[in-house]
> 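Can you read through this structure? Questions will come right after.
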Amino acid sequence: MAHGLNPAQLDAVRTLSGPLLVLAGAGTGKTRVVTVRIAELIKSGVRPDRILAVTFTRKASGEMQERAAELLIKGKKFAKGGRGGRQKRLPKDAPRPEISTFHSLCVRVLRRHIAQLGYPERFTIADRGDQESEARSALREIKAPGEALGPSDLLAQISRWKMGSVLPSEAASIAESDQQHLAAVAYRRYQNNLKKAGVVDFDDLLLLTETLFKEHPTIRREEAGRFDHVLVDEYQDTNHSQYEIVRALAIGHRNLCVVGDDDQSIYAWRGAEVTHILGFHRDWPGAKVVRLEDNYRSRAPIINYANTLIAFNSVRHDKVLRPQREGDDTPRIMQCNDETEESKKVVSDIRFRLQQAGWFVGGPPEGQDNERPRLWPNDFAILFRTNEQPRAFEQELRAAKLPYVLIGGMSFYDRREVRDLLAYLKLVCNPDDEPALLRIMNTPPRGIGDGARKALVEHAVSQGKPLWRVLGDAPSIPNMSAAARQGVEKLTTAVESWRHLANLGEPVGALVRRVVGESRYHDELLRLYPDPKEREAREVALEEIVNAAAAYQDKKGAKASLQDFLDEVATGDRHDTDDKESQLGRGAIALMTLHAAKGLEFPHVYLVGMEEGILPHKRSLADGENAIAEERRLAYVGVTRARDRLTMSLALTRRKWGKPRDTVPSRFLYEMTGQADNPRYAAIKAGRAANTPNSGKKTARRR
Ligand code: ATP
Ligand code: MG
């Protein structure tokens, strides 16, 4: 087998032009096809930098880059003179394929052209906290009654509109309820305020790029002209804007290869539409469609469970998934009395297996080393559905001295001190970024109390200028204390000096270190966290950002800029020490949401909390069959992450607001184990099985 590919895969990678769809189940090698196809394109003479690939996992993009680099080096294009040695690494400026996520692709497009949409070129990207504060101001400004619409409901509605490509000017005409009408008014205000501040939110990245391409054909042509080939992984999860962006980029040359699996479409709630992949052959007449049926990832019993489970979805493309790996290790169902026992059992199982495999927990004893265990911590993943679940597991893992990394839960970048520091850095790049300015105006305290802040904001509104630009007027604003005036002056002087240094090209790492030091943020930590242990954790977080900035500087060399660093942070395109996925490679157990696990694989997978109300999620229970079908796809994604062993766990009671309540086993357990004829299954589906004592005990164990 050339490249280690089967004939169908080879057919796909050797189809080098025209529209191509690979529609196939989990673990059939779709991502591998994308990787090898990039290599084939390069071999056939396509310039690497004329290839664009959109991927979602760091692992995949790393592999794609590596493979492309290997080929280029092998092609002797970079053979070095002198003592016959050939260069092992690609020179920094060698052409490479552009491999990125949709969001980072859009940031790059917008950095070049956003001025056409009336935004400043030096826009900054809002995080969730910025969005909330903007939503609150918008609601205040339109005098929305508090009980009618809260900031998070407003943000959810705005996000739905943006993901469906609905512009602020269009929202009012499609609003149905009073609440939506109010939200439409607030949406306009929210968007105007963001625009004035030169700030875009995450959904804007996609929607603005889509708008740019639609309204400015020359820009669309220019951007499309950068690439001759476009490849998209996980195409089943594209939302409307992403779909339009792909189309805009590929419509000229039609060299578009998309791969995906309708059974793994798990982002409908984020606006993804599975019709995009199912309608591909209609959108792209003459498209070649390749189906892959052999699963190379999981052992046979795991695939049997996955197949049985997904067949319960009535609306789907029927696909064959044939296991290529033998094995008789039936997935286990681990029943526990409560959630504490669940985490203890799972963690001790992992610990036991690691020890059996020759891995020394807590480091090797003297004279021995951890050199060749048969399993590493990163061979294990604990997958969960909801954000409440990981806490108990984290606690156990820490107690068991097992290294782990939490992905997709509360992010490192959501921490208060990290957000404060990032707000400073955003302000250095874009002084009009009002949410950032308001965030750190008096953090650490510099005398600008609430009264002074209000006076400044009112002054800015009356002048019709961004807040930053009226700070110089502070001395003449009535009701400002001397302390507040001094504070304002100190802040502006400091930010101006950092900006000056940034413009002079001070290395990003040094600049970030300087901002931490000169903002006197350490004093703030001292004030907020008298407990030295707590403070140390915060200090470490700040240090991580400095490290990340320094690592970024090393990677980018002379091309590094603070702006790009912040873009990478915002879009999750991080190549830094906190890069979660790269920590996986360094030997940590992965603790992650099912959504985050898409595309990844692990020898040992623990799918925890297999209960009604968790998986399927309680929101879906009220929302009918379509919602349940999406939860089932999520369960299918979870099951198909496992290579060798799958363990599913459930707790018979689980605490709600501190009180233990009986649970109901997930209907998916009955489905995959062939127990759909069990009367309890019918009762669960009909919603009649809620909270009966010890209900879970009746789930039979297979074998
Ligand atoms: P998912 O739907 O989960 O994203 P996928 O279809 O993208 O899965 P890959 O991740 O590309 O599948 O491949 C699954 C596993 O099978 C990987 O470990 C890959 O290296 C391996 N694999 C793919 N094709 C072959 C093959 N022809 N021979 C042997 N192993 C293969
Ligand atoms: Mg894949």
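The structure displayed is predicted, hence computed values, not measured ones. When a ligand or atom number is given, it counts from 1 through the structure's own listing order. Residues take their numbers from the sequence shown, with the count starting at 1.
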> So for Asp261, does at least one of its heavy atoms come nearer than 4.0 angstrom to any atom of ligand 1?
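It does not, in that no heavy atom of Asp261 comes within the 4.0 Å cut-off of ligand 1.
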> Could you see which bit of Asn6 sits under 4.0 Å from ligand 1, with heavy atoms only: side chain, backbone, both or neither?
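Within the 4.0 Å criterion, Asn6 contacts ligand 1 through backbone atoms alone.
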> Run the contact test for Thr640 against ligand 1 with a 4.0 Å cut-off on heavy atoms, strictly below, and give the result.
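Contact absent.
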> Work out whether the distance between some heavy atom of Gln324 and some atom of ligand 1 is less than 4.0 Å.
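For ligand 1, residue contact (heavy atoms, under 4.0 Å) with Gln324 is absent.
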> Leu5 heavy atoms, cut-off 4.0 Å: which ligand 1 atoms fall inside?
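By the 4.0 Å cutoff, the relevant atoms are 27 (N).
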> Who pairs with Gln264 by side-chain contact (heavy atoms from CB on, under 4.5 Å), at least two apart in sequence or on another chain?
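side-chain contact (heavy atoms from CB on, under 4.5 Å) list for Gln264, sorted by chain: Ala26, Lys30, Gln236, Asp261, Tyr636, Val637, Arg641.
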> Under the side chain to side chain contact (heavy atoms under 4.5 Å, CB included) test against His604, which residue among Leu375, Leu354, Thr647, Ile382 passes?
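Running side chain to side chain contact (heavy atoms under 4.5 Å, CB included) over Leu375, Leu354, Thr647, Ile382 with His604 returns exactly one hit, Leu375.
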> Testing Met672, Glu342, Met334 for side chain to side chain contact (heavy atoms under 4.5 Å, CB included) with Met610, which one passes?
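Among the candidates, only Met672 passes.
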> Establish, yes or no, whether the cationic atom of Arg160 lies under 6.0 Å from the six-membered ring centre of Trp269 and within 45° of the ring axis.
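That pair does not qualify as a cation-pi contact.
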> Is Arg641 close enough to touch ligand 1? Criterion: a residue heavy atom under 4.0 Å from a ligand atom.
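Yes.
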> Looking only at the aromatic ring of each residue, does the gap between the centers of His595 and Tyr267 stay below 6.0 angstrom?
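Distance test on ring centres: under 6.0 Å, yes.
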> Who's closest to atom 12 (O) of ligand 1 heavy-atom-wise, of Pro7, Gly599, Gly29, Gly260?
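Checking each option, the heavy atom nearest atom 12 (O) of ligand 1 is found in Gly29.
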